[in-house]
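Below is a structure I'd like to ask you about.
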Number of protein chains: 2
Amino acid sequence: MSHIDVGALLKHQPLFQQLSERQILALVSHTHEVRGAKGQMIFQRGDPCEGLFVVVYGRVKLAIPSQQGAEKVVEIIHPGQSFAEAVMFLGRPYPVFAQFLEDGMLLKIRAEGILGAIDSDTGFARSLLAGLSLRLHGMLRDVERYSLENAQQRVIGYLLQYVGDTPGELGAVVELDIHKNLIASRLNLTPETFSRVLQQLGKAGLLRVEGKTITIPNTAALAGWGGE
Amino acid sequence: MSHIDVGALLKHQPLFQQLSERQILALVSHTHEVRGAKGQMIFQRGDPCEGLFVVVYGRVKLAIPSQQGAEKVVEIIHPGQSFAEAVMFLGRPYPVFAQFLEDGMLLKIRAEGILGAIDSDTGFARSLLAGLSLRLHGMLRDVERYSLENAQQRVIGYLLQYVGDTPGELGAVVELDIHKNLIASRLNLTPETFSRVLQQLGKAGLLRVEGKTITIPNTAALAGWGGE
DNA sequence: CGAAATTTTGAGTAATCTCAACGTTAGTGG
DNA sequence: CCACTAACGTTGAGATTACTCAAAATTTCG
């Protein structure tokens, strides 16, 4: 059961869309599957970097460990996304650890494979550059939020990310697809503060919290809320 | 006086070291000088991106504007470094503004030039990837600091960045080469808090503050300080 | 169904910010 | 070159946001 067509998997990942059959084949020899169960570590912070990863299915948590078991969630990686590219190019140890959020499967591609693909296809190089640029921008937006926004604004911003901008529709329903303590960590908040902010916004009539389901009657009102 | 050999300037920038004479020439046609006086804006947040910049001399501040004139300093760019690469690859408006910290000169290179260089030299593509990776890591370290460290630790970390790690030497002198309010902003602190932390560390005997000169008698003691 | 993890709620605390005043440095123009 | 002014930096007192610790309620998962 463990024999799968790695080439076919690679071909369907966004990052490799533009590679030719031939180039995919070249990558295959540098690739191998990594399967893991929920909670399993993929690598620890400080481990030597062996290549980049592409998520086939399952989600992955990237986080920084800190004292007394606390951790800071840096990013949640979804299927189709890749991670650890930057580390690969620098040849440094991982600055974060990676862990399966649920049973999942990854492809690990060694640096030689990626570097080879860059040399054989400048379009691929551009894809990588675009991917890194995107990540950099995401991180910049995080920095902006941590620096300039308070707890309420960060929570509101997070929720609004998930409302599809359907013009004409005032309201929205956001389904939180990860645990609230992970969201809190992403937002640099304690779980307690995150919970309180949600309750607070609920009492202000801006949203309704039912477990992982957040109903926002009027997204514009939520977006424009000053905290009165 | 305004005619300068742009090619020669380009050739001496770290980013373009590996390009051939021919490739540099190709870049020149996409490049033009930008000179500016201290305090002058290079671009505003939201401006359309026209290319990437390389600093020839002078330093540049990248920052995010916020309400009532406050601003969050994201990075200080030194001569030889480039900025706005990520924005160029994404074709988005600038997420930060850029301003000369002193009289300076930049080279602005339009996207076509860079994309052409990527296509003609995969080594250059790798350089760009490494550069973006480095920036991403720097930003990750910032996030880590904002998230997991308190004011004292952030200040200590900042100072220790600037001590050359000369083994055998206990002490060090750090010359702050930018205004303290910029450092404070970089560290996500108010100028008041930054000042107080420095005084506090001074009273604890860990360092001595004389204007922009910080003397650290024992860097290991400063690094290991818990805040007692 | 039961144990473990997550989430909520409450009360008190601590770190950092805000506002205000004063001192100092640096840059400008006469 | 000096005097002046504006920007920068320090200090104090008080306010405030978000955190910590603790316990109860709820959900999730085996």
Side-chain angles (χ1 to χ4, degrees), chain A residues 37-40 61 66-73 99-103 145-156 175-203 207-214 226-228, chain B residues 37-40 61 66-73 99-103 145-156 175-203 207-214 226-228:
Chain A
K38 174 177 176 176
Q40 192 169 321
K61 175 178 78 181
S66 80
Q67 295 81 302
Q68 103 265 321
E71 63 182 41
K72 156 68 185 166
V73 175
Q99 187 181 27
F100 282 108
L101 276 185
E102 51 240 356
D103 294 1
R145 285 198 169 154
Y146 302 154
S147 306
L148 302 173
E149 298 184 354
N150 64 22
Q152 277 134 30
Q153 295 170 313
R154 301 212 285 273
V155 171
I156 291 172
E175 194 69 25
L176 304 180
D177 55 354
I178 54 174
H179 283 156
K180 288 180 180 174
N181 55 6
L182 295 185
I183 300 176
S185 175
R186 270 261 22 225
L187 298 177
N188 260 192
L189 299 173
T190 57
E192 292 96 325
T193 298
F194 181 62
S195 174
R196 279 189 253 266
V197 169
L198 280 182
Q199 306 307 317
Q200 200 182 127
L201 294 173
K203 281 190 191 98
L207 48 79
R208 165 190 278 281
V209 184
E210 286 151 327
K212 293 193 172 308
T213 307
I214 312 284
E228 321 92 46
Chain B
K38 174 176 176 177
Q40 192 168 322
K61 175 178 80 182
S66 80
Q67 294 83 303
Q68 104 266 321
E71 63 182 41
K72 156 67 186 166
V73 175
Q99 186 180 26
F100 282 108
L101 277 185
E102 51 240 357
D103 294 2
R145 285 197 170 154
Y146 302 153
S147 306
L148 301 173
E149 298 184 354
N150 64 21
Q152 277 135 30
Q153 295 170 313
R154 301 212 285 275
V155 171
I156 291 174
E175 194 69 26
L176 303 179
D177 56 354
I178 55 175
H179 284 158
K180 289 181 180 173
N181 57 6
L182 295 184
I183 300 175
S185 176
R186 239 339 307 264
L187 298 176
N188 261 192
L189 299 173
T190 57
E192 293 95 327
T193 298
F194 181 62
S195 173
R196 280 189 253 266
V197 169
L198 279 183
Q199 307 305 319
Q200 199 181 125
L201 293 173
K203 282 192 190 96
L207 49 79
R208 164 191 277 282
V209 184
E210 285 151 325
K212 292 190 172 314
T213 307
I214 314 284
E228 319 92 46

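Protein chains get the first letters and strands the later ones, always in sequence-line order, with residue 1 at the start of each.
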Tell me yes or no: between the side chains of A:Gln200 and A:Gln152, is some donor less than 3.5 Å from an acceptor? yes
Minimum-distance pair of heavy atoms, taken over all atoms of A:Lys61 and A:Glu71: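 The pair with the smallest heavy-atom distance is NZ-OE2, 2.6 Å.
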Figure out the CD/P separation between B:Glu210 and C:dG23, and round it to whole Å.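 Result: 21 Å.
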Just how far, in rounded Å, is P of C:dA15 from CG of A:Asn150?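 Rounding to the nearest Å, CG of A:Asn150 and P of C:dA15 are 21 Å apart.
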A side-chain contact here means heavy atoms from C-beta on lying under 4.5 Å apart; do A:Leu207 and A:Val209 qualify? yes
Taking the side chain as every heavy atom from C-beta outward, state whether A:Arg145 and A:Gln153 have any pair of such atoms under 4.5 Å apart. no
Dump every N/O contact between nucleotides 4-10 of chain C and the protein below 3.5 Å, one line per pair.
{"residue": "C:dT7", "atom": "OP1", "partner": "A:Lys180", "partner atom": "N", "Å": "2.7"}
{"residue": "C:dT7", "atom": "OP1", "partner": "A:Lys212", "partner atom": "NZ", "Å": "3.4"}
{"residue": "C:dT7", "atom": "OP2", "partner": "A:Lys180", "partner atom": "N", "Å": "3.2"}
{"residue": "C:dT7", "atom": "OP2", "partner": "A:Asn181", "partner atom": "N", "Å": "2.8"}
{"residue": "C:dT7", "atom": "OP2", "partner": "A:Asn181", "partner atom": "OD1", "Å": "3.4"}
{"residue": "C:dT8", "atom": "OP1", "partner": "A:Lys180", "partner atom": "NZ", "Å": "2.8"}
{"residue": "C:dT8", "atom": "OP2", "partner": "A:Ser195", "partner atom": "OG", "Å": "3.0"}
{"residue": "C:dT8", "atom": "O5'", "partner": "A:Ser195", "partner atom": "OG", "Å": "3.1"}
{"residue": "C:dT9", "atom": "OP2", "partner": "A:Gln199", "partner atom": "OE1", "Å": "3.3"}
{"residue": "C:dG10", "atom": "N7", "partner": "A:Arg196", "partner atom": "NH1", "Å": "2.8"}
{"residue": "C:dG10", "atom": "O6", "partner": "A:Arg196", "partner atom": "NH2", "Å": "3.2"}

Please check: side-chain N/O of A:Ser185 versus main-chain N/O of A:Val73, any donor-acceptor pairing under 3.5 Å? yes
Report the distance from atom OH of A:Tyr146 to atom C1' of D:dT17, rounded to the nearest whole Å. 18 Å
Whether B:Thr190 contacts C:dT16 is assessed here as follows: a side-chain N or O lying under 4.0 Å from the phosphate OP1 or OP2. Is that the case?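 Answer no for this pair, as no side-chain N or O of B:Thr190 is under 4.0 Å from OP1 or OP2.
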For atom CG of A:Leu148 and atom C1' of D:dT17, their distance in whole Å: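 Interatomic distance, CG of A:Leu148 to C1' of D:dT17: 16 Å.
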Checking side-chain contact (heavy atoms from CB on, under 4.5 Å) against A:Ile214, which of A:Leu201, A:Leu176, A:Val155 comes through? A:Leu176
Separation of atom CD1 in B:Ile183 from atom C1' in D:dG9, rounded to whole Å: 12 Å
Write down the distance between CZ (A:Arg154) and C1' (D:dA18), rounded to a whole number of angstrom. 9 Å
Given atom CD of B:Gln153 and atom P of C:dA15, what is their separation to the nearest angstrom? 11 Å
Could you state the CG-P distance from B:Asn188 to D:dT17, rounded to the nearest angstrom? 18 Å
